[in-house]
**Q** 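Attaching a single structure in structure tokens format; questions to follow.
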Amino acid sequence: MAAVGRFKHAIAKQLSLITTCCEPQILQAIRTPPKKTNAQFAVSLAKLAATLRQDPNVNLPNNPSIWCKATANKIQANDLIATATADGSNLNFGVQQTEFTKQVLQEVYHEKTTYGWAHIPKPREKPTVVIDYSSPNIAKPFHAGHLRSTIMGNFAKRIHQAMNYKVVGINYLGDWGKQYGLLAVGFERYGDEDELKKNPIHHLYDVYVKINVDAREDPEIDRLANAYFKRMEEGDEKALLQWRRFRNLSIESYTGIYDRLDIQFDMYSGESQIHDYIPHVYQHLQRQNLLTKTDDGAYAVDLEKYNLGKAMIQRADGTSLYLTRDLASLLMRRDKFKFSKALYAVGVEQEGYFKQLFKVAELMFPEDAWAKQLQHVGFGRINGMSTRKGTAVFLQDILDAAQDKIMDYMRNDTAKYELIGEDGAKMIADQLGVSAILIQDMKSKRNKNYTFSWDRMTDARGDTGVFLQYAHARACGIERKAEIDIRPNCDFDLLKEDEAFELVQMISQFPEQVEMSFTTLEPCTLVNYLFKLSHATSLASHSLRVKGSEPSVAEARMLLFWAARTTLHNGLSLLGIRPLEQM
Ligand code: ARG
């Protein structure tokens, strides 16, 4: 049980003895006090009211505060709980500070890089979750939506791993369809082998743009593209060879960029990889009697009953659609991974599409639990994301631009710059640039749109990724300078200043923030918590010196700052950020 849990249980136990509410119910009603008070926990009366009203001895509706006062008076202090006070319709509890500090800091000490989730019971067999994220389209630019999908998917992956899931991360590439026919035709005209090897993503995109321009003038190109794609669909080795080369080169250069973001996929799949499953999709649909023929000879699943329109499954010419391929890929994932839950990190503009996909899957497999555990993790648009080089956005250019921007700041601090050297500075600037982009993306609710701003996201004093990294590196600096071993036993009575206890409380809230973030898959919960934690750390470090203090005081403070730093480290890691130790 997490340290905080022991205190909550102590509260619930006492309250259950003097009211008609049971312990689990009271536990549900305990939260961090909504207003700033000296108390650490609040029991919200509103959550217990229904049960209390059934007690003939309680007259609740007229005087909740009188009830709270009377109940507070009945609570007895013990080794965990110090005070109980009424605050409107809340019952506030103050903990025994020294004991609380001890339990929280020792918990961090023992759990180290797993503090925040180590207390969650491990299942005998880990359930599998499949996460579909990033999923760019080869030959088209990696747009802002793909960046957000990459960031959200990676967060979902890390937090599921922390919560004891086995995670399979899949990059479902848009790598099939008529546009590859067009690309091949374009390559015959404009392709350049050297350029292709140098920067496949840029070059293929160039070719794609040029051939699209030509196609507008010349209908013959469209015919050639169709014919080429048909050859691909029929398995023509020569046509496939070229396509495979484009695909492999693209994956290779994506991998380099993902490495920079510290992102690894368990599988590069894609729309091209599920052919064998397409016939099974039709079979399952037929078995459940779901297919209806439309007037023009296409097939669809009628979802009008669910207010979801008609889901097209097969074109009149017999070819498959995006939805058909997603269904096929679900079959493949089911067979390969036996997953219990599947997530799709894709922009909210595809919400309607995913509703259709999930409904069809559910109807296809009415008896299967997994078919009801499909979830769209949506997110809003990024406005105004561009680099100096043009309107098409390539992830690599965005990362480079962020790095350049930070390098400019770093060069201003000449003394430090000389100390770290050009290479060191570049590495730090890259990490800071990535952190800035990631935190900007994750600091608001994911469904919200936001405007990309280079200045705002790199401001070291604002609520940014640069600020969080700075807070982490600073805390590492305290450790380096103090040269004190981190030990779990110190005199916890020495951490009694307000700033110290404030920081202990902040640290203690981390596990519940992690759980909240996991339930909603909202990284902003964690990001905003980490801002508060960092502010509390910085406040404490200004008034509580470690180096130069009396040894027992220094030792206790060192453990506190180390615990704060470890908590920040763990939070950043969940968000997919590599914490910097020096900058
Ligand atoms: N490639 C698609 C796009 O760029 C996103 C794919 C999302 N994943 C999926 N299974 N449909 O819009």
Side-chain angles (χ1 to χ4, degrees), residues 129-157 167-180 182-183 201 204-205 208 243 246-247 250-251 254 257-258 263 265-275 277-278 281 301 308 311-313 320-337 339 341-362 364 370-371 373-382 385 392-395 398 446-447 521:
V129 58
V130 168
I131 307 180
D132 178 313
Y133 65 114
S134 199
S135 311
N137 305 317
I138 292 178
K140 290 195 201 159
F142 190 107
H143 58 64
H146 298 124
L147 174 62
R148 288 208 88 179
S149 168
T150 310
I151 295 172
M152 293 294 157
N154 189 44
F155 160 71
K157 175 173 178 177
V167 181
V168 182
I170 300 186
N171 195 336
Y172 183 70
L173 298 169
D175 58 359
W176 201 245
K178 206 190 99 181
Q179 68 264 37
Y180 299 97
L182 191 60
L183 186 65
I201 297 179
L204 290 178
Y205 178 66
Y208 188 69
W243 163 83
F246 292 165
R247 184 179 191 271
S250 300
I251 292 181
Y254 280 135
I257 303 169
Y258 290 131
I263 284 174
F265 293 93
D266 300 294
M267 181 184 206
Y268 279 88
S269 169
E271 296 181 46
S272 68
Q273 308 294 298
I274 38 75
H275 280 291
Y277 286 86
I278 299 254
V281 172
V301 178
L308 294 172
M312 288 282 290
I313 299 289
S320 61
L321 292 101
Y322 182 46
L323 178 75
T324 331
R325 295 192 283 274
D326 254 325
L327 287 168
S329 124
L330 259 175
L331 294 184
M332 186 267 276
R333 294 171 190 188
R334 176 199 64 168
D335 288 359
K336 268 206 160 71
F337 306 116
F339 65 86
K341 167 163 116 171
L343 306 179
Y344 295 80
V346 186
V348 284
E349 69 283 352
Q350 290 193 33
E351 187 172 312
Y353 167 77
F354 279 105
K355 280 194 176 141
Q356 284 196 334
L357 172 66
F358 299 163
K359 188 43 98 182
V360 176
E362 198 187 317
M364 260 165 99
W370 64 265
Q373 299 299 324
L374 311 176
Q375 188 189 345
H376 174 209
V377 183
F379 48 78
R381 268 196 329 271
I382 311 180
M385 183 168 114
V393 175
F394 294 93
L395 183 55
I398 292 284
R446 56 183 160 76
N447 266 6
L521 289 180

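One-based numbering, in listed order, for ligands and for the atoms of each. Since the structure is predicted, the reported quantities are computational estimates derived from the model, not experimental observations.
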**Q** Taking side chain as C-beta onward, heavy atoms only, is Lys157 less than 4.5 Å from Asp266?
**A**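 Side-chain contact under 4.5 Å: yes.
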
**Q** Does NZ or CZ of Arg333 fall inside the cone over Tyr172's six-membered ring, less than 6.0 Å from its centre and within 45° of the axis?
**A**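 Judged by the rule, Arg333 and Tyr172 form a cation-pi pair.
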
**Q** Specify the closest pair of heavy atoms between Ala361 and Leu374, including all atoms of both residues, with the distance to one decimal.
**A**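 Closest pair (atom of Ala361, atom of Leu374, distance): CB-CD1, 3.8 Å.
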
**Q** Consider ligand 1: state whether an atom of it lies below 4.0 angstrom from any non-hydrogen atom of Tyr322.
**A**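 Contact check Tyr322 vs ligand 1: positive.
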
**Q** Between Tyr254 and Asn171, does any side-chain donor sit less than 3.5 Å from a side-chain acceptor?
**A**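 Asn171 and Tyr254 do not have a side-chain donor-acceptor pair below 3.5 Å.
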
**Q** Identify, by atom number and element, the atoms of ligand 1 in contact range of Gln350, meaning under 4.0 Å from any of its heavy atoms.
**A**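 Listed by number with element, the hits are 12 (O).
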
**Q** Closest approach of Ile170 and Ser269, non-hydrogen atoms and distance?
**A**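 Nearest pair, atom of Ile170 first, then Ser269: CG2-CB, 3.7 Å.
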
**Q** Quick one: does Asp326 get an N or O within less than 3.5 Å of an N or O on ligand 1?
**A**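 Among all N and O atoms of Asp326, at least one is under 3.5 Å from an N or O of ligand 1.
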
**Q** Under 3.5 Å, N or O to N or O, is Ser135 touching ligand 1 that way?
**A**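 Yes; the residue has a nitrogen or oxygen that sits under 3.5 Å from a nitrogen or oxygen of the ligand.
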
**Q** Judging by distance only, is a nitrogen or oxygen of Asp132 under 3.5 angstrom from one on ligand 1?
**A**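 Asp132 vs ligand 1: N/O contact under 3.5 Å present.
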
**Q** Tyr277 versus Asp335: any side-chain heavy-atom pair under 4.5 Å?
**A**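 Tyr277 vs Asp335: side chains touch.
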
**Q** Going by distance only, is there an N or O of Tyr344 that falls short of 3.5 Å from an N or O of ligand 1?
**A**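 No, no N or O pair falls under 3.5 Å.
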
**Q** Which of the atoms of ligand 1 are close to His146, meaning less than 4.0 Å from one of its heavy atoms?
**A**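 Counting atoms of ligand 1 from 1, those under 4.0 Å from His146 are 3 (C), 4 (O).
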
**Q** Would you mind running through ligand 1 and noting each atom that sits below 4.0 Å from a heavy atom of Val346?
**A**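 Going through ligand 1 atom by atom, the ones under 4.0 Å from Val346 are 7 (C).
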
**Q** Hey, is CZ on Arg381 packed in by over 12 heavy atoms from elsewhere, all under 6.0 Å?
**A**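 12 or below, so no.
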
**Q** At less than 4.0 angstrom from any non-hydrogen atom of Asn137, what atoms of ligand 1 do you find?
**A**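 Counting from 1, the qualifying ligand atoms are 1 (N), 2 (C), 3 (C), 4 (O).
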
